[in-house]
2 protein chains.
Amino acid sequence: MDEPRKRAGRGRAPAAVGRTGRPRQAEVARLAGVSQATVSLVLAGKKQGAAISEETRQKVLDAAGSLGYVPDPAARRLAAARNGLLGVFSFTATFPTDVQHSYYPFLVGVEQEAAAQGYDLVLFTGSSRGGAGATGPQALNRARLADGCLLLGRHAPVDELRRLVDDGFPVVHLGRRDEPEGLAWVGADYVSASREVVHRLAALGHRRIILVREDDDAPASTDREQGFLEGVEAAGLPGGHAAVFRCADPERELGPERLRQWVAEGVTAFVAEETDSGAAWRALSKAARDAGLHCPGDISLALLGSPPPDLADGPQPTGFDIPRAQLGAAAVRLLATLVAGEDAPDPLVACTFRPGASTGPPPKALGDIA
Amino acid sequence: MDEPRKRAGRGRAPAAVGRTGRPRQAEVARLAGVSQATVSLVLAGKKQGAAISEETRQKVLDAAGSLGYVPDPAARRLAAARNGLLGVFSFTATFPTDVQHSYYPFLVGVEQEAAAQGYDLVLFTGSSRGGAGATGPQALNRARLADGCLLLGRHAPVDELRRLVDDGFPVVHLGRRDEPEGLAWVGADYVSASREVVHRLAALGHRRIILVREDDDAPASTDREQGFLEGVEAAGLPGGHAAVFRCADPERELGPERLRQWVAEGVTAFVAEETDSGAAWRALSKAARDAGLHCPGDISLALLGSPPPDLADGPQPTGFDIPRAQLGAAAVRLLATLVAGEDAPDPLVACTFRPGASTGPPPKALGDIA
DNA sequence: TTGTAAGCGTTATCAG
DNA sequence: CTGATAACGCTTACAA
């Protein structure tokens, strides 16, 4: 009666060691002279309700140590629905080819915070073609190996994503995202940051400020405009939509003449939205140069974001920086709370104001006339 | 008697849908009116022994499709010990996601070949600190989520690695590696490539060739020296260890005087080992310049490898290139055969000879005198 | 050709 | 405080 269980369907004799040749909790238990369940409990190391005698505890720990026991992450995940792993999914074409678009700065924060939260990371790419289904309807499915996953780019197939979200699998998108519904995300607080920039300009004495933005309805654009408008209103400046210059092609539509005209009308400061291309800021700077308007002597220019890499070595534009590492960290924090089944915290991360050298008080003459 | 099984220990009522809220094979089976095992068989899509009627097959496929069934990778791995995933482990600070990163060229090949073999990839790093054990004795353990894993860099802890290897877990190291014993690896065939370079020099008419190498006993160095010596012998040149100049600090020990002396003794060609630092090649080129020896007019120089990035735009040195992408691909192929339990193929990948512009026939006068 | 059932290694429940 | 025991979702040997 030593072997109450019937033999396995597979026909193997019950060996002292598993199929994998690696010690299982059962072996540890045998060596420690306790039940396998006890091993599990001890190894789980639950602080609360320390319901295990120090003696057994040590026996188990010793046994595990001497056997070199390591838990099987797959079994862990299957049984407990958690294995201490977080997935990071980047749906770039292959391993990211574009240096500019590298997620590196985010990943730094992601890794740090994951470690701090006691998670390990697993990176998936959506790249593989013809693989087990990486391009097919199962690309995201690999994510289920982990307790939750982070999405890094907007190329994830929405349907699959919806699937994941609907199943209640914890997913966090890095960057604001509205689809599919219910998808959690973290993003930079462009509204507050933009408002702050306007506030600073107003504090310097500027009364008329114009926002130059591209013709794009991405949340990143909309948020900046909203923040700008809030700032304008808060400062009691003449505002409304008249203060927003929206153009499809800044390079073409924003010339020196236009700029001079605005200045003549009493505008002393300009604010450009930051986009991938950096077109708005580039056009604005160029127009100012071409118009012979010195900055910050004649006019003040600010950028709602960070300067494009190719302009990085010029004089720092006043504006704000997106704390990429912090964003990554915030994403992990959010994901961790979702995994733990807790409520989601504020998804917004504050940007940091960058004083820069492109703003100053408005010129006396012009400023006062207005 | 509809429910022969006792209720779950966990106390949940057996729901129509699993804990995860996502359809399992059981649901598919119910919908298709077949057994769960049949679903598994159909979905496995085994060609051989097509022991399933086309009708059932379709029923199952339809059911699975309409339910949006996706297999659970963890369960798959647990039950079958394979889930179509290959792990890639790099013990770098962060994910080697950046093109800049030195692993990138390898990863390109890894990715392609993995796809070709029907595998998906999962990337791990050993970076995380304080994670569930990424730095601890379990960093490598995550790898067990996949069917096998690739190691990229020599920072993997040997003990853990030995563990993995001893357990019979398929591991392939990218780059030659002797420890722990039994570890599979793929590497570039430096011996053949170096021999080829010497062969070419000999064919040009060079009779005395010297190898400049650093004082390092890495296999990469040793292999090159071996290939060099083989080449020297094969060409019937005066060789032996006298032809090898081994120095700890090439910059310092390899000056223009030294070079001139060798040339005076009849040496017409020099071969430098490639290392991380590129010190040997750098020193050699500089010494030649300083000595006023024109290359390839006065002497021929060759490099056993590729030029360091900062010299990449200069004139191409004669030598060979390491086919990084192919190395990555070969690693995946090897790993796949290990996973399949087959025998390992040749671990060496051939390098490609690069003609370059730093070699030519030896100068008439000197060559003939010697 | 299909269904039955064991078991992969772990967690978690519940009775002793 | 400990030990059976069910279950996680799947694969697979074997019986029907």
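Here is the naming used below: chain letters follow the sequence lines, and residue numbers restart at 1 for every chain.
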Q) Of the candidate nucleotides C/dT10, C/dT2, D/dG3, which contains the atom at the shortest distance from the side chain of A/Thr38? A) D/dG3
Q.
Using whole Å, what does the distance between atom C1' of nucleotide C/dT10 and atom CZ of B/Arg77 come to?
A. 15 Å
Q.
With a cut-off of less than 4.0 Å, is there a side-chain N or O of B/Arg76 near OP1 or OP2 of D/dC10?
A. no
**Q.** Candidate nucleotides D/dG3, C/dT2, C/dG9, ranked by approach to the side chain of A/Asp72 - the nearest
**A.** C/dG9
Q: Answer yes when B/Asp72 and B/Arg22 have at least one side-chain N-carboxylate O distance shorter than 4.0 Å, and no when they do not.
A: yes
Q | CD/B/Glu181: more than 12 non-hydrogen atoms of other groups inside 6.0 Å | A | no
Q) With respect to the side chain of B/Ile52, which nucleotide from C/dT2, C/dC8, D/dG3 is positioned closest? A) C/dT2
Q: Can you tell me the distance, in whole Å, between the CZ atom of B/Arg30 and the P atom of C/dT2?
A: 20 Å
Q: Rounded to the nearest angstrom, tell me the gap between atom CZ in B/Arg24 and atom P in D/dG9.
A: 5 Å
**Q.** Nearest atoms (heavy-atom pairs only) where A/Leu67 meets B/Arg163
**A.** O-NH1, 3.2 Å
Q. For B/Ser53 and C/dT2, is the shortest distance between a side-chain N/O and OP1 or OP2 below 4.0 Å?
A. yes
**Q.** Under 3.5 Å: donor-acceptor pair, side chain of A/Gln112, backbone of A/Gly109
**A.** no
Q) What integer distance in Å separates B/Arg57:CZ from C/dT2:P? A) 12 Å
**Q.** Minimum-distance nucleotide (side-chain atoms of A/Ala79 versus C/dT2, C/dT10, D/dC10)
**A.** C/dT10
Q | Protein-nucleotide distance (B/Leu67, atom CG; D/dG9, atom P), rounded to Å | A | 14 Å
Q: Using whole Å, report how far CD of A/Gln25 lies from C1' of C/dT10.
A: 6 Å
Q | Contact under 4.0 Å: A/Gln36 side-chain N or O vs C/dT11 OP1/OP2 | A | no
Q) Between C/dT10, D/dG9, D/dT12, which nucleotide gets closest to the side-chain atoms of A/Leu78? A) D/dG9
Q. Are B/Asp147 and B/Arg77 within salt-bridge range, i.e. N to O under 4.0 Å?
A. yes
Q) Among the nucleotides C/dT2, D/dC10, C/dG9, which one has an atom lying closest to any side-chain atom of B/Tyr69? A) D/dC10
Q | Gap between atoms CD and C1', on A/Glu27 and C/dT10 respectively (whole Å) | A | 13 Å
(Q) Tell me whether the side-chain N/O atoms of B/Ser40 come closer than 4.0 Å to OP1 or OP2 in D/dT11. (A) yes
Q: Would you kindly give the CZ-to-C1' distance between B/Arg82 and D/dT12, to the nearest whole Å?
A: 14 Å
Q: Choose from C/dG9, D/dA4, D/dG9 the nucleotide whose nearest atom is closest to any side-chain atom of A/Ala75.
A: C/dG9
